[in-house]
Amino acid sequence: MTVVETGAETDDGTSVGPRIGENAPRPDGVPKVTGDFAFSSDLHHDRMLWGATLRSPHAAARIGGIDTSPALAMNGVHAVLTHADVPGSPTYGLEHRDQPVLAGDVVRYEGEPVAVVAADHPDTARRALAAIHVDWQPTEPLVDPALAETADPIHPDGNVIRRIHLRHGDQAAAQRDDLVSVEGTYEVGMQDQAFLGPESGMAVPDEDGGVDLYVATQWLHVDRDQVAACLDLPHEKVRLTLAGVGGAFGAREDLSLHVHLCLLALRTGRPVKMSYGREESFHGHVHRHPARMWYRHHATTDGDLVRVEAHLLLDGGAYASSSGAVIANATCFAAGPYMVPSVEIEGVVVRTDNPPCGAMRGFGAVQTCFAHEAQMDRLAAALDMDPVALRLRNALEPGDRLATGQVITGTLPVAEVIRACADHPSAAVGSDEPMARPGGAGRTADAEHVVRGEAVAVGFKNLMFSEGFDDSSAARCVLHHGVATITCACAEVGQGFVTLARQIAGEVLGVNEIVLAPVETTSIGSAGSTSASRQTWMSGGAVQLACETVRRELLAGLATTHGLPIDDLVLVDGRVRSLSGDLDLSLAELTAEPVEADVVHRHAPTSTLDADGQGDAHVSFAVSAHRAIVDVDPDLGLVKVVELTTSQDVGRVLHPLQALGQLEGGAAQGVGLAVMEEVQVANGRIRNASFTDYLIPTALDMPPLEVAALIEQPEPGAPFGAKGIGEPPSISSTAAVAAAVRDATGLDLPRVPVRPSDICLVANPESGEAA
Amino acid sequence: MTNESGFSLSVNGRSRSVVDALPGESLLFVLRERLGLAGSKNACEEGECGSCTVRLDDETVCSCLVLAEAAAGRQVMTIEGLGSEGDLSDVQQAFLDAGAVQCGFCTPGLLMAIDALLENDPDPDDLTVREAISGNLCRCTGYGRILDAVDRAAEARQAEATP
């Protein structure tokens, strides 16, 4: 058997295809660097019209009436549609169908869609929006989530979207007088996913009365189901194709312009394109839930956690989106990756007239990680104990029980990631460069006053959907003339599934030519969502299963024909060989007739949470740690993150460069939430819906990321042992940066993002009122 | 309302006539929607994200902030002029080798900014690179692989320049 090294060539000079563990090239890499890759906003059709959306300028209002006739009378305007033009379900939603396609008699958040137009030019469409007359009757918006439970319902479904009361262990465990207790209240601001490619797509009407929708999304099939219900069309008449996705991070799980585009295309009989501007994008998708979290930790004087109590309040905004699953995650993981014998957590997510919130990378675990890690530091201080030692002492291990009562049966190297991160030597040195100081290019920091801080944080979450969700991914493998064609509806959003799918097929089938079929709804079943760190496991697993099925079928036939045990046959570089060397056949010739397999891959079933929040609700978990080193200018409240170090539980690395990219990119979003990113909402209205005012980290803001260790403990049940790696980097990074700023300044800083005023007005009380 | 007489733009060395454009159309809009050059991206259309970066003569600009007609008489270079499949520029190749491409939406703008940086400063230090690309937002990568790509491209360009 020929052993082929990575990147080497075989005897006959053909290059080796993609394999697991290698830095295989992205199949979409070349078109993405040449500008040829078609993102959803790049779609063009010669007959297309431009769609635009009229949105509510009020956070809460009644609509007395809508007069579209002035807009419809304009030259170049082809359609103006309102709620009255929605033929099917007037509402949609991921968990609850509670969000109107177009608002009818009431709006519940600023930016809620009210009407849509199609016109021959985007400027015409915008002018048409301005010509629509809406009889707005503004009402007092409900904007304080703390008042939502007692306020009059703003929606027929009520103001409490979900409440979970988790009780674990002896509820009287802390009723002793020999425990050390620490208490704190923490807040997390509203973060935006801020993907760069705006919401966009094109709908093309079909002669059969159906519609083709080309759109950037995270989950084609669930979009298809919701769109079809709103259009009152059978599923087969609503065909979705994935258009190029410019990032997602959770913000493309919900529908945005999908139904609007289809309505306009079906009404006008012409292709319609829509592309949100940045300001509209801030109103056009859900955000990360703002959170208020009260915590009390109790520990023995030796530092053993005894009990954690918490109350979590998440602001879901106007509509439910995935809030129910987010609060479940927040609650389940509220105590952190620690062994806590007694837990009581009440998690509530409420409805307000604030912008709707839903999925974002980390999905509820980001907010609670910030809080539980602040608590662990506070506890360490109260115990006069090293904060890393306190974490190691209480670190969860396989075999331990979570706060949900679930026993960890897979891998979870909590202590390993903490230790690797904390022990890693730092490369951070002080710099004399003014550009490297807090404040950066402004050169405003006085170098003499800059103080440095350092801290470690750790966080974890579930991989894949939880609470009994019947999660699956479908894949097809066709091996024909030695070429493997893979069909799977997994949405590539930038993460690199297209690379992994080819690596998996190459690894299993030993082929070098692998084609990925277009991603759409008619050719294959659902792949589930590109979220919850689930696609490597679910769709990667589906591709693996499909390829293995093909491989088995092919080899079983050959084994019979040649009288060899099937285990003696190997597929390598487009050939079938026997271990003895007697057999050496061309796969291309063997597959002159195609061999194919259709599979649906499921993970092990999970259960729901009972009335006490107990149950085996999750499939698997992943943990990460970050160490942050920061420089702070206390006079101006400016923070420079100097260095980040991370260690992560990855199961197995399938593609080293892509893995690194996930760790770096996720950490950047964590840094953003720690020190700069917040959707500022005042009386229900977004004040900073632009990249001028909503700041995401630039290359000057991001420190180098040191990877102390990727902990490779293969996860049972996962393809090749690989865990999803997308979310953990965004979980512990925010907590670590905030803690490092605390370490530098000695301030409590119970809220992220840490604003300059949180530092300088508190650090220098004489200079102004404390924030 | 439309500019019926039209105007011409020199894009990637070719003269392109633009007819029927509304007077307020940006260079970005004309490139994308009238000339079929969709490589320059539209992430903010207010000059903050750099996704629409093109070269106007020797200047790198956000094409969303340039009135299309104002670019007449100047040489416009877009990502489509940087290199094509089979003939990638050093920076494009470095992006692929370094793993700097994820969703790819920021990629064309970054490539244009980095190409211009290396033309002016073939051996930039880390802070210079970070400052030079700080007008180009990327949400996927955290910039680590992009910075590595700049190092790789700089090395390739210097190796080529050294006889």
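All chains are named by letter (A, B, ...) in the order of the sequence lines, taking the proteins before the strands, and each is independently numbered beginning at 1.
- With a 4.5 angstrom heavy-atom cutoff, B/L82 does not touch chain A via any of its atoms.
- If you measure heavy-atom distances from A/V30 to chain B, the contacts under 4.5 Å come from both the backbone and the side chain.
- When the heavy atoms of residues 139-157 of chain B are compared with those of chain A, the residues falling under 4.5 Å are B/R139, B/C140, B/T141, B/G142, B/Y143, B/G144, B/R145, listed by number.
- Other residues, nucleotides and ligands contribute over 12 non-hydrogen atoms within 6.0 Å of the CD atom of B/Q158.
- At a 4.5 Å heavy-atom cutoff, the contact between A/A436 and chain B is made by backbone and side-chain atoms alike.
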A/D42/B/K41 under side-chain contact (heavy atoms from CB on, under 4.5 Å): CA gap, chis, key distance, verdict: CA-CA 8 Å; A/D42 300 335; B/K41 298 302 173 203; 2.5 Å; yes
- request: For B/L137 and A/T698, run side-chain contact (heavy atoms from CB on, under 4.5 Å): C-alpha distance rounded to whole Å, both residues' side-chain angles, the deciding distance at 0.1 Å, then the answer.
  value: CA-CA 6 Å; B/L137 299 177; A/T698 69; 3.9 Å; yes
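- Only the side chain of A/F249 comes within contact range of chain B, with at least one heavy atom under 4.5 Å from a heavy atom of that chain.
- How far CG of A/D123 is from CG of B/L22: 5.5 Å, rounded to the nearest 0.5 Å.
- When each of A/D28, A/L657, A/T692 is checked for heavy-atom pairs under 4.5 Å with chain B, A/T692 comes out on top.
- Contacts between B/A100 and chain A at a heavy-atom distance below 4.5 Å are absent for every atom of the residue.
- Proximity of a side-chain donor or acceptor of A/K32 to a complementary backbone N or O of B/C103 within less than 3.5 Å is detected.
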query: When you look at A/Q495 and B/Q102, which way does the side-chain contact (heavy atoms from CB on, under 4.5 Å) test go after all the steps?
result: CA-CA 6 Å; A/Q495 82 278 28; B/Q102 286 190 34; 5.8 Å; no
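- Using modelled atom types, one finds no donor on one side chain facing an acceptor on the other under 3.5 Å when comparing A/H121 with B/E33.
- Within residues 658-665 of chain A, the residues that have a heavy atom under 4.5 Å from a heavy atom of chain B are A/L660, A/G661, A/Q662, A/E664, A/G665, listed by number.
- Taking chain B as the reference chain and counting heavy-atom pairs below 4.5 Å, the highest number among A/G666, A/P198, A/A667 is found for A/P198.
- Scanning residues 119-130 of chain B against chain A with a 4.5 Å non-hydrogen threshold yields B/L127, B/R130, sorted by number.
- At a 4.5 Å heavy-atom cutoff, the contact between A/P704 and chain B is made by backbone and side-chain atoms alike.
- Contact annotation for A/P656: neither backbone nor side-chain heavy atoms come within less than 4.5 Å of a heavy atom of chain B.
- Of all residues in residues 43-52 of chain B, those placing a non-hydrogen atom less than 4.5 angstrom from a non-hydrogen atom of chain A are B/A43, B/C44, B/E46, B/E48, B/C49, B/S51.
- Looking at A/A194, the atoms closer than 4.5 Å to chain B (heavy atoms on both sides) sit in the backbone and in the side chain alike.
- Using a 4.5 Å cut-off between heavy atoms, B/Q93 makes no contact with chain A at all.
- Counting heavy-atom pairs under 4.5 Å between each of A/Q193, A/R26, A/E279 and chain B puts A/R26 at the top.
- The neighbour count for B/D57 CG, taken as heavy atoms of other residues, nucleotides or ligands under 6.0 Å away, is above 12.
- From A/N23, atom CG reaches atom CG of B/L96 across 12.5 Å, with rounding to the nearest 0.5 Å.
- By the 30° and 60° cut-offs, the orientation of the rings of B/F105 relative to A/F39 is perpendicular.
- Atom-to-atom distance recorded for B/C64:SG and A/R278:CZ is 12.0 Å, nearest 0.5 angstrom.
- In this structure, B/L111 and A/V33 approach most closely via the heavy-atom pair CD1-O, 3.3 Å.
- Contacts with chain A were tallied for B/S134, B/C138, B/P108; B/S134 has the most, counting heavy-atom pairs under 4.5 Å.
- With a threshold of 4.5 angstrom between heavy atoms, A/S275 approaches chain B through side-chain atoms but not through N, CA, C or O.
- Taking chain B as the reference chain and counting heavy-atom pairs below 4.5 Å, the highest number among A/P25, A/A668, A/S690 is found for A/S690.
- The candidate with the highest count of non-hydrogen atom pairs below 4.5 Å against chain B, out of A/G35, A/G494, A/A699, is A/A699.
- With a 4.5 angstrom heavy-atom cutoff, A/L705 does not touch chain B via any of its atoms.
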